[in-house]
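Down below is the structure, laid out as structure tokens.
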Amino acid sequence: MDAAQKLFDEMPHKDELSWTTIITGYIRNDDLHGASQVFDGMNNEKQVVAWNAMISGYMHKGFVSESLEMSKKMNLLGIKFDAFTYTSILSACANAKLFLHGKQIHAYMIRTVINPSHHFLYSVNNALITLYWKCGKTDDARKIFDRMPIRDLISWNNILSAYVDVGRIEEARLVFTKMPEKNHVTWSVMISGFAQNGSGEEGLKLFNQMKSTECQPCDYSLAGAIKSCAAIASLNHGRQLHAQLIQSGFESSLSASNSLITMYARCGVLQDSQSVFLTMPCLDSVSWNAMIAAFGQHGHGAQAIELFEEMLKEDIVPDRITFLTILSACSHSGLIDQGQRYFNSMKDSYGITPGEDHYGRLIDLLCRAGKFTEAKNVIEKLPFYPGAPVWEALLGGCRIHGNMELGVEAAERLFELIPDHDGTYILLSNMYSNSGKWNDAAQVRNLMRSRGVKKEPACSWIEVDNMVHVFLVDDTKHPEVQKVYEYLEELVSKMRKLGYVPDTKFVLHDMENEQKEYALSTHSEKLAVAFGLLKLPSGAMIRVFKNLRICGDCHNAFEFMSQVVERDIVVRDGKRFHHFRNGKCSCGNYW
DNA sequence: ACCGCCACCC
């Protein structure tokens, strides 16, 4: 840059282009100060290109307010914005999620721009779609898209992303099929969109489809496919993708490696997560967050904290997600004091204002530990009107400790806030049936039925020989389920000799005791574990996954089972991992 | 010169 500057200084006659070139040169070298010095040193007839160079430079480097300030000055001087100016400042607003400001610029533009050029139609409208998409205004983004007289691939990709981001996956799918052309971005967005919305299966299918097109997988689409494996816990496919990643030369991609950390953790092989983490040539905060989360989900709170402290020592700045992660980790391991300390340090030491989700984790931390007075205190002093995450955390804690009074209160709030959410009805009715209040339990279920709320059916699955085997409660569909029931019976009688007693308080409907014990023995997680024990080579770890939370009796049963069969059993439920070994679970019964 | 994709938390 020094040489360029010298050459520039020696130029006898400098025109607008040479000034602008030197400015963009500084910006490319991350030297915004240098750029602004050159800009300020320009003679008075600064034209729109020079202004644009500065504005887009600030925008790209994340200096949103500087970028917008410059555009205001420019406007005051009477210099008209062109398509580049609008694109930059709209993007600045999009990046910072400045909805109102962006909307003002949009309105101003409509008032002042009479005959938009083609350039204008593409880039500015695409930036507008992005603005509304990033601010969560999906339908406004769609309006822009629909009103565009001509669209390019970026317009299509933007509207696709807008739907994916808010989980409107069916509309995204529609856009995807209608698109006149597709590129890497298109495929990547759709693949990770499926993964994000719990359709890992479809994500992988799409990834395979992509391979048969002229678009070959890039690091983004690979990351999406790996994320899909994490969602469905398909370790075999995940390992294959890891190999493919290395083969295709993307092993140094941060996003792909970061997704590997999560994938291995969510497939139950924490060691592999760690070896990815340890061998990565460089790490960013996402990598640290992923590894901390991995420890947390596996119940290794102390290790999560250790890593978090190491992260701070390495001068990696923790972000909102780091705190969500560390709070969860503390919560799962019952590290209440540390969790509270970290929560307080968010704002005090890092200037991050805790969001509702952070408060949710804090309340979860307290309630799990039975500290309901403290939790209520937090709720009363909330700086905002408590929403669903707060009451869900409270209800979850109440269920664990059988705190009926507070639980009912939380459930009532949730019925108002999210009446279609099945989890509230299930938790409340479980609380009632756990304490033998069968009538109340039935009433809650009736309420649920009358409102047309469907319960997500419980299912568990296990991967054997590269195939995923799914079991439902009281399964009759799996071809070998009969053998599984027989084997399970055999196991239970051995377990009973060691002291296992089916805990019928986890049965949800009132019936005779014998029936209750039978009902427990048909839980999907028991079937999947028994199937694994039958099919996997002796000594191999059993890794079972369940969509909902593990049942208390199953948890108890697996402790005994791990002792009887002398094997490690790992169960991932909706929230975390349980490692059963020699009659004990890694969660220490704190979950 | 300007507009689009990722990974971490759910």
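So that the names make sense, note that chain A is the first sequence line, chain B the second, and so on, each numbered from 1.
- Here dC9(B) presents its P atom at 13 Å from CG of D357(A), a figure rounded to the nearest Å.
- Protein atom CG of N126(A) is 17 Å distant from nucleotide atom C1' of dA1(B), rounded to whole Å.
- Between L245(A) atom CG and dA7(B) atom C1' the separation is 12 Å, expressed in whole Å.
- When the side-chain nitrogen and oxygen atoms of K134(A) are compared with OP1 and OP2 of dC5(B), one or more of them lie within a distance under 4.0 Å.
- H60(A) has a side-chain polar atom (N or O) that falls below the 4.0 Å cut-off from OP1 or OP2 of dC3(B).
- Across dC8(B), dA7(B), dC5(B), the shortest atom-to-atom separation from the side chain of S259(A) is found for dA7(B).
- Shown for residues 279-299 of chain A: residues whose heavy atoms fall under 4.0 angstrom of DNA chain B, namely D284(A), V286(A), N289(A), A290(A), A293(A), Q297(A).
- With dC8(B), dC6(B), dG4(B) as the candidates, the nucleotide lying closest to the side chain of Y220(A) is dC6(B).
- Taking the six-membered ring where the residue is Trp, the centroids of F176(A) and W187(A) are separated by under 6.0 Å.
- For dC10(B), neither phosphate oxygen OP1 nor OP2 lies less than 4.0 angstrom from any side-chain nitrogen or oxygen of K575(A).
- Considering only heavy atoms from C-beta on, W133(A) stays 4.5 Å or farther from T138(A) through its side chain.
- Judged by the 6.0 Å and 45° rule, R361(A) forms no cation-pi pair with F343(A).
- Look at CZ on F343(A): it is 15 Å from C1' on dC9(B), rounded to the nearest Å.
- Checked by atom type and distance alone, the side chain of T213(A) never pairs as donor or acceptor with a backbone atom of Q209(A) at under 3.5 Å.
- V38(A) is linked by a side chain to side chain contact (heavy atoms under 4.5 Å, CB included) to Q5(A), W19(A), I22(A), I23(A), Y26(A), counting only residues two or more places apart in sequence or in another chain.
- Comparing dA7(B), dC2(B), dC9(B) by their closest approach to the side chain of T325(A) singles out dC9(B).
- Ranking dC10(B), dC6(B), dC2(B) by closeness to the Q196(A) side chain, first place goes to dC10(B).
- The base of dC2(B) is paired with the side chain of S123(A) by a donor and an acceptor separated by under 3.5 Å.
- Counting heavy-atom neighbours within 6.0 Å of Q340(A) CD, excluding the residue itself, gives a total above 12.
- Aromatic rings of W288(A) and F308(A) (six-membered ring for Trp) have centroids beyond the 6.0 Å cut-off, not under it.
- Rounded to whole angstrom, the span from the CD1 atom of I129(A) across to the C1' atom of dG4(B) amounts to 10 Å.
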